[in-house]
Protein chains: 2
Amino acid sequence: MTPPAPNACGMDDRLDTVFAALADPTRRVILAMLLEDDMAVTDVAEPFEMSLAAISKHLAILTRAGLISQEKRGRVKWCKLEPDALRDASIWMQGFGQFEAVNLDAFERFLEAELAAEPPPAPPP
Amino acid sequence: MTPPAPNACGMDDRLDTVFAALADPTRRVILAMLLEDDMAVTDVAEPFEMSLAAISKHLAILTRAGLISQEKRGRVKWCKLEPDALRDASIWMQGFGQFEAVNLDAFERFLEAELAAEPPPAPPP
DNA sequence: GCGATATTCAACCAAACGGTTGACGATGAC
DNA sequence: GTCATCGTCAACCGTTTGGTTGAATATCGC
């Protein structure tokens, strides 16, 4: 069999870091907290029972994955959710990456056609 | 602040294992291979440049995450994609905004339509 | 300048990960 | 029965991960 083209467009490393970042419950909770509002590092750490340094490391991992951005204003560093970084991962999950952009476009057209045809079945509550 | 309810419904451990499983490029390629067809462990391993035992471990991780199932028929163990396991992860990601949850049903119909259109490259029987 | 606050850095630790090799238990072919 | 094939297990190895602590670096308020 042909080698399974593991990194067709360089997106693979990105997916590595994004999925790895999402694999930790602390980091997922942090993302959920940032969904409500931007927060300073100290405030992010406050509800957790671990050291500030540990939270700082988690935030660095989230930043490297592109899932948040950090901006220092004065002596406090503000953390901001960057939900766009989830998009690639979401797209991968739809197509498992191996169906190149061409097919994804086709899939989108397919979805549009479907939505035009049927009334959508009201997603589960 | 209130403790950030890290595991509201017990889905958290599930998400841990699913995202961790997806964080490895080898495993993502395996999932993509299984998207085309069920495969025996040996056939899954064939295109990779690592030992069969390593692939066996990867498959065990994917199985523990619920992303595939394995059924032994005779002396060959068949691996089958279980895309439903992606649903929880997708729903979690959906909480972060603008992307839709994976529409697996639509994606499967799309794949069937595509496979009916083109002659497939004949995966191993 | 001085002390308090905010954050990271550095060194360390235990545990998990991703890989190897070799032995092993099933199963199928003959 | 014998032999090859399929797949896992067990032990090992180096690296990464998730956490700790304590020192260091900015920055703010005074």
Side-chain angles (χ1 to χ4, degrees), chain A residues 1 3-4 6-7 12-31 33-34 37-65 67-80, chain B residues 1 4 6-7 12-13 15-31 33-34 37-65 67-80 124-125:
Chain A
M1 184 187 264
N7 193 356
D12 239 48
D13 310 340
R14 191 57 164 293
L15 287 180
D16 282 6
T17 60
V18 168
F19 281 130
L22 296 179
D24 184 280
T26 299
R27 290 193 288 264
R28 288 198 304 274
V29 170
I30 290 176
L31 291 177
M33 293 164 64
L34 291 177
D37 227 331
D38 298 0
M39 296 178 78
V41 173
T42 304
D43 294 333
V44 170
E46 194 261 341
F48 295 97
E49 288 174 349
M50 70 181 71
S51 69
L52 186 60
I55 296 293
S56 181
K57 282 190 189 179
H58 280 304
L59 291 172
I61 289 170
L62 289 171
T63 301
R64 242 180 288 128
L67 289 163
I68 68 171
S69 59
Q70 293 182 284
E71 182 199 358
K72 193 164 183 177
R73 279 204 294 270
R75 67 179 159 180
V76 15
K77 203 165 187 177
W78 292 90
C79 305
K80 182 180 185 309
Chain B
M1 182 187 262
N7 192 355
D12 240 49
D13 310 340
L15 288 180
D16 283 6
T17 59
V18 168
F19 282 130
L22 295 180
D24 185 279
T26 299
R27 289 194 288 264
R28 288 198 304 275
V29 171
I30 290 176
L31 290 177
M33 293 165 65
L34 292 176
D37 226 332
D38 297 0
M39 296 179 79
V41 172
T42 305
D43 293 333
V44 170
E46 193 263 340
F48 295 96
E49 289 175 349
M50 69 182 73
S51 68
L52 184 61
I55 296 293
S56 182
K57 282 189 189 179
H58 281 303
L59 292 172
I61 289 171
L62 290 171
T63 301
R64 243 181 286 127
L67 288 164
I68 68 170
S69 59
Q70 294 182 285
E71 182 199 359
K72 193 164 184 177
R73 278 204 295 272
R75 68 177 160 178
V76 14
K77 203 167 185 177
W78 291 91
C79 304
K80 182 179 186 308

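Proteins get letters first, then strands, A, B, ... in listed order; numbering begins at 1 in each.
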Could you check whether [X] gets within reach of a base, just the sugar-phosphate, or nothing at all, counting any heavy atom under 4.0 Å?
{"X": "R73(B)", "result": "nothing"}
{"X": "A53(B)", "result": "base"}
{"X": "K57(B)", "result": "base"}

Any side-chain heavy-atom pair from [X] and [Y] closer than 4.5 angstrom?
{"X": "R64(B)", "Y": "T17(B)", "value": "no"}
{"X": "M33(A)", "Y": "P47(A)", "value": "yes"}
{"X": "V41(B)", "Y": "W78(B)", "value": "no"}
{"X": "V18(B)", "Y": "F19(A)", "value": "no"}
{"X": "D16(B)", "Y": "P25(A)", "value": "yes"}
{"X": "M39(B)", "Y": "K80(B)", "value": "no"}

Out of [options], whichever nucleotide has its closest atom nearest the side chain of [X]:
{"X": "L52(A)", "options": "dT8(C), dG18(D), dT8(D)", "answer": "dT8(C)"}
{"X": "V41(A)", "options": "dT7(C), dG19(C), dT21(C)", "answer": "dT7(C)"}
{"X": "M50(B)", "options": "dG19(C), dT5(D), dG18(D)", "answer": "dG19(C)"}
{"X": "T26(A)", "options": "dG19(D), dA4(D), dA6(C)", "answer": "dG19(D)"}
{"X": "T42(B)", "options": "dT8(C), dG7(D), dG22(C)", "answer": "dG7(D)"}
{"X": "S51(A)", "options": "dT20(D), dT20(C), dT27(D)", "answer": "dT20(D)"}
{"X": "A54(B)", "options": "dG28(C), dG19(C), dG18(D)", "answer": "dG19(C)"}

Check the distance between [N]'s [atom2] and [X]'s [atom1] and give it to me in whole angstrom.
{"X": "D16(B)", "N": "dG18(D)", "atom1": "CG", "atom2": "P", "answer": "10 Å"}
{"X": "L62(A)", "N": "dT8(C)", "atom1": "CG", "atom2": "C1'", "answer": "16 Å"}
{"X": "I55(A)", "N": "dA6(C)", "atom1": "CD1", "atom2": "P", "answer": "15 Å"}
{"X": "R28(B)", "N": "dG18(C)", "atom1": "CZ", "atom2": "P", "answer": "12 Å"}
{"X": "R27(B)", "N": "dG19(C)", "atom1": "CZ", "atom2": "C1'", "answer": "12 Å"}
{"X": "E46(B)", "N": "dG7(D)", "atom1": "CD", "atom2": "P", "answer": "13 Å"}
{"X": "L59(B)", "N": "dG7(D)", "atom1": "CG", "atom2": "C1'", "answer": "10 Å"}
{"X": "K77(B)", "N": "dG28(C)", "atom1": "NZ", "atom2": "P", "answer": "15 Å"}

Which residue lies more 5' along DNA chain D, comparing R75(B) with G74(A) via nearest heavy atoms: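 It is R75(B) whose nearest nucleotide is closer to the 5' end.
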
Distance check: side-chain N/O of [X] vs OP1/OP2 of [N], anything under 4.0 Å?
{"X": "H58(B)", "N": "dG19(C)", "value": "yes"}
{"X": "K72(B)", "N": "dC6(D)", "value": "no"}
{"X": "S56(B)", "N": "dG7(D)", "value": "no"}

First encountered from the 5' end of DNA chain C, between E49(B) and R64(B):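 Result of the comparison: R64(B).
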
